[in-house]
Amino acid sequence: MANENIVDFKGKYFCAVGRRKEAVARVRIYSGKGQVIINGKDYKEYFTNPLDQDSIFVPLETLGLKDKFDISAIVAGGGKRAQIDAINHGISRALVIYDESNKTTLRKSGFLTRDPRAKERKKYGLKRARKAPQFSKR
């Protein structure tokens with residue numbers, strides 16, 4: 001994965017990998033004050049849309065732990081939305097490693113299930129995966 005310039009948080013961490021479509025996120029959670037670094041940048045700099053910025057914290061808000069962890073993530077591949085979902089998946093898995101009792105709450109909320117939907121491959125004779133060329137009678 002390309003961008004390896006992680007801002008180092010000090011101390012013990014719990015790490016996990018999250019995936020969605022083509023995006024892969026390697027996430028580390030440290031005990032801290034709620035600072036988030038993604039690919040060496042602050043999360044507000046990396047994700048400029050405020051809705052995207054808020055959706056990173058959904059697994060932590062579900063457990064009521066938003067300001068208890070610092071998060072460092074390296075994300076590669078996919079689009080912005082897939083990267084956010086991959087980060088959420090990684091955070092959720094790391095929270096289960098941190099405390100096994102978080103598993104039932106995160107499982108019920110659907111954060112531990114990897115979303116299997118991905119782009120379908122193009123078939124020969126078609127323009128895209130399912131779109132056929134226009135039929136001409138003559």
Side-chain angles (χ1 to χ4, degrees):
M1 296 192 192
N3 207 345
E4 288 289 335
N5 50 347
I6 302 173
V7 174
D8 282 328
F9 295 114
K10 301 294 182 207
K12 186 178 178 188
Y13 61 87
F14 300 93
C15 61
V17 175
R19 292 184 179 89
R20 170 75 171 103
K21 291 189 175 183
E22 292 292 315
V24 179
R26 291 183 294 170
V27 178
R28 291 180 177 181
I29 60 171
Y30 301 80
S31 57
K33 300 180 184 106
Q35 187 179 7
V36 179
I37 304 293
I38 300 171
N39 286 355
K41 298 179 183 177
D42 186 53
Y43 76 100
K44 291 182 178 178
E45 192 179 327
Y46 192 78
F47 296 117
T48 54
N49 186 348
L51 293 173
D52 293 344
Q53 294 169 4
D54 293 340
S55 62
I56 292 172
F57 297 105
V58 175
L60 294 167
E61 289 171 348
T62 304
L63 298 171
L65 301 171
K66 184 175 178 186
D67 295 328
K68 298 217 183 342
F69 292 104
D70 289 334
I71 299 168
S72 171
I74 299 173
V75 192
K80 293 290 184 186
R81 187 71 238 174
Q83 288 184 351
I84 290 166
D85 290 343
I87 291 169
N88 279 344
H89 189 224
I91 290 171
S92 301
R93 288 173 130 186
L95 286 170
V96 169
I97 294 169
Y98 165 73
D99 185 8
E100 194 69 29
S101 65
N102 294 334
K103 188 171 187 173
T104 54
T105 308
L106 291 170
R107 173 77 60 203
K108 284 179 185 172
S109 300
F111 294 118
L112 293 178
T113 305
R114 190 231 192 259
D115 194 344
R117 295 174 295 168
K119 186 166 180 155
E120 189 176 342
R121 80 171 196 84
K122 183 190 175 300
K123 305 338 180 277
Y124 61 89
L126 301 181
K127 293 187 172 192
R128 295 194 305 254
R130 298 184 185 210
K131 182 177 173 146
Q134 185 174 11
F135 176 75
S136 173
K137 194 177 261 189
R138 288 170 198 82

Any [X] side-chain heavy atom under 4.5 Å of [Y] side chain:
X: I56; Y: I91; value: yes
X: H89; Y: V17; value: no
X: D99; Y: L63; value: no
X: I71; Y: I38; value: no
X: K127; Y: P133; value: yes

Check: Taking only residues two or more places apart in sequence, or in another chain, which ones meet F57 in a ring-ring contact (aromatic ring centres under 6.0 Å, His included)?
Finding: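 With neighbours one apart ignored, the set is Y43.
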
* Who passes ring-ring contact (aromatic ring centres under 6.0 Å, His included) against Y13, sequence neighbours left out? ->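 Scan of Y13 (ring-ring contact (aromatic ring centres under 6.0 Å, His included), adjacent residues dropped) gives Y30.
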
[X] [atom1] to [Y] [atom2] distance, which is reported to the nearest 0.5 Å:
X: R26; Y: R19; atom1: CZ; atom2: CZ; answer: 11.0 Å
X: S55; Y: D85; atom1: OG; atom2: CG; answer: 7.5 Å
X: I97; Y: K103; atom1: CD1; atom2: NZ; answer: 10.5 Å

Please check if atom [atom1] in [X] has more than 12 non-hydrogen atoms from other residues, nucleotides or ligands closer than 6.0 Å.
X: K80; atom1: NZ; value: yes
X: K122; atom1: NZ; value: yes
X: Y98; atom1: OH; value: no
X: R128; atom1: CZ; value: no

> If only atom types and distance count, is the side chain of D70 paired as donor or acceptor with the main-chain N or O of Q35 below 3.5 Å?
Replying inline: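 Checking the backbone N and O of Q35 against the side chain of D70, a donor-acceptor pair under 3.5 Å is found.
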
| query | Donor-acceptor pair, N102 side chain versus V96 backbone, under 3.5 Å? | reply |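 Between the backbone of V96 and the side chain of N102 there is no qualifying donor-acceptor contact (under 3.5 Å).
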
- Does the distance from a Lys or Arg side-chain N to an Asp or Glu carboxylate O, for D52 and R81, drop under 4.0 Å?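 Here D52 pairs with R81 in a salt bridge, since their nearest N and O are under 4.0 Å apart.
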
Between R117 and D115, is the closest basic N to carboxylate O distance under 4.0 Å?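 Counted as a salt bridge, because a side-chain N and a carboxylate O are separated by less than 4.0 Å.
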
Checklist entry - Picking from Q53, K41, Q83, what satisfies side-chain hydrogen bond (donor to acceptor under 3.5 Å, both in side chains) with Y46? => result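 Filter result, single survivor: Q83.
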
